[in-house]
Number of protein chains: 2
Amino acid sequence: MDRTNSGRLPGASKARGPYAVGDERRRRILDAAVDHFAQWGFHASSLARIAKSVGVTQGGLLHHFRGKEDLLVSVLERSEEQDAESFFATGFDSAADCFQRLLALVDLNTRRPGRTRMFNVLAGEASEPGHPAHAFFRRRYDTLATRLAETLQAAVESGELRPDTDCATVAREVIAVMDGTQLQWALAPESVDMTHRLRTYLDRLYGAVSAGATALPPTPGAA
Amino acid sequence: MDRTNSGRLPGASKARGPYAVGDERRRRILDAAVDHFAQWGFHASSLARIAKSVGVTQGGLLHHFRGKEDLLVSVLERSEEQDAESFFATGFDSAADCFQRLLALVDLNTRRPGRTRMFNVLAGEASEPGHPAHAFFRRRYDTLATRLAETLQAAVESGELRPDTDCATVAREVIAVMDGTQLQWALAPESVDMTHRLRTYLDRLYGAVSAGATALPPTPGAA
DNA sequence: GTCTATAGTTCGATAGAC
DNA sequence: GTCTATCGAACTATAGAC
């Protein structure tokens with residue numbers, strides 16, 4: 001019978017409470033898996049190597065995750081929980097506000113290179129229809145583009161953006177610039193200021209689609 | 001002694017002439033390798049599987065290529081010969097001409113999905129400094145961005161583009177949009193018109209940086 | 001919950017026949 | 001130029017002790 005806990009809710013593994021020791025181990029396995037998937041991709045990652053880097057055996061790892069695919073899915077699900085949902089959790093005051101939060105997200109990505117590189121690698125691999133993350137990434141881009149387009153559309157209707165703005169196209173373009181810049185950054189982090197590059201792009205974009213102002217206001221929070 | 005021919009010039013393997021039969025085999029191995037690297041990445045690709053898909057044994061494959069890394073390098077070198085160099089082979093009349101040829105290149109990429117997906121996957125993997133293609137991709141992006149920036153700079157000096165154009169930044173942004181769009185296309189080729197998307201982007205970009213005209217002239221050749 | 005042990009494949013690379 | 005044979009190592013996954 002199936003004794004793995006991969007699908008359960010956080011902290012639900014024991015009657016003892018939400019912070020049982022096993023959850024800490026599980027979390028550390030997920031963290032290690034991120035780095036391994038980033039370096040090796042899915043297919044060439046090894047459960048034994050991942051387990052070793054955490055300090056457990058392969059058998060110990062397989063108590064927490066049914067198998068390799070289950071580990072991958074768990075990593076992706078946690079990643080989505082961590083920021084895609086939190087990014088859209090509260091609505092946006094304006095398109096400018098949305099762009100500012102995109103910049104903050106990119107800035108965050110420079111501070112977690114493992115996760116960022118993992119997404120670069122998996123997004124490339126997952127174009128194969130049989131890849132375990134194929135459906136995940138298709139859904140992810142679809143959802144991301146749709147929500148971003150909705151946010152822009154709301155800004156059109158509020159009068160912030162020009163009425164002739166093609167929101168769906170702009171949304172997908174913004175995502176493309178983020179991904180493409182992320183690829184260049186991962187290859188040469190020391191010579192690519194990802195946040196600065198995206199800001200330059202969003203500045204000109206905002207100037208082109210905004211009804212009034214010609215540039216974004218200066219960034220308050222991020223970097 | 002080293003009897004592999006991986007570094008030789010095309011058609012130089014025999015005294016018989018440039019089209020000896022072995023070269024055809026070699027070419028078919030390279031073609032197969034592209035598809036395997038696209039699906040599995042470098043690490044998880046298997047020489048035995050590649051050989052089998054060509055119809056030779058692993059031993060037969062290893063006559064032509066010293067090993068897996070050598071096969072990868074040969075694939076990348078041939079790819080560069082095929083279009084990065086030919087893309088810049090003849091100079092550009094103008095920035096508009098350069099953009100038109102970029103569109104033709106993207107259009108070509110939709111018609112060779114294997115090669116395009118391989119680049120998506122390897123560009124992601126190669127961010128790891130120890131990856132066999134790491135140096136290749138760093139050099140590639142550097143060269144590409146530099147040459148593109150030079151082309152734009154020439155257009156600034158000819159008066160086609162605005163004098164305040166930041167050519168280096170624009171060049172890297174164009175590359176990012178191409179790569180990012182390519183990722184989205186690979187995941188959902190049936191719903192992403194890569195050429196159209198890039199054209200929309202380049203149109204607005206050209207309008208923003210050109211000194212006179214506000215849009216690219218309609219595409220003559222491509223798509 | 002973590003361990004050891006092991007089954008059954010497949011890997012890259014080498015050696016040598018023809 | 002391609003083959004067979006083979007090496008040592010690594011892989012996922014399972015079974016069962018504690």
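Here is the naming used below: chain letters follow the sequence lines, and residue numbers restart at 1 for every chain.
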- prompt: From the list C/dT2, D/dT2, C/dC11, which nucleotide is the closest neighbour of the side chain of B/His64?
  reply: D/dT2

Carboxylate-amine/guanidinium contact B/Arg197 A/Glu173, below 4.0 Å: no

task: Find the distance A/Leu62:CG to C/dT4:C1' and express it as a whole number of Å.
output: 14 Å

field: Distance in angstrom units between A/Lys52 NZ and D/dA10 C1', rounded
entry: 12 Å

Whole-Å distance separating the CZ atom of B/Phe65 from the P atom of C/dA13: 14 Å

- request: Could you state the atom-to-atom distance from CG of B/Leu47 to P of C/dT9 in whole Å?
  value: 22 Å

- line: Against the side chain of A/Thr57, the closest entry in C/dT14, C/dC3, C/dG1 is C/dC3

- request: Whole angstrom is fine here: how far is it from CZ in B/Arg28 over to P in D/dG1?
  value: 16 Å

task: May I have the distance from A/His63 (atom NE2) to D/dT14 (atom P), rounded to whole angstrom?
output: 15 Å

message: Does this structure show an ion pair linking B/Asp83 with B/Arg115, if we count only N-O contacts that are shorter than 4.0 Å?
response: yes

- request: Starting from C1' on C/dC11, measure out to CH2 on A/Trp40 and report it in whole angstrom.
  value: 13 Å

message: Just the rounded figure in Å: distance from P of C/dT10 to NE2 of A/His43.
response: 16 Å

- prompt: Is any side-chain nitrogen or oxygen of B/Arg25 closer than 4.0 Å to OP1 or OP2 of D/dT2?
  reply: yes

- request: State whether B/Arg139 and B/Glu77 are salt-bridged, where the test is any N-O pair (Lys NZ or Arg NE/NH1/NH2 against Asp/Glu carboxylate O) under 4.0 Å.
  value: no

query: For the residue pair A/Phe99 and A/Phe92, is the inter-centroid distance of their aromatic rings smaller than 6.0 Å?
result: no

field: Touch class at under 4.0 angstrom, heavy-atom based, for A/Ser46 against every strand present
entry: sugar-phosphate

Short side-chain N/O contact from A/Arg49 to OP1 or OP2 of D/dC11, under 4.0 Å: yes

task: Mind listing the closest non-hydrogen atom pair of B/Val121 and B/Phe37 along with its distance?
output: CG1-O, 3.9 Å

task: Return the nearest nucleotide to the side chain of A/Gln58; candidates are C/dA13, C/dC11, D/dT12.
output: D/dT12

message: By nearest atom, which of the nucleotides C/dC11, D/dA13, C/dT2 is closest to the A/Lys68 side chain?
response: D/dA13

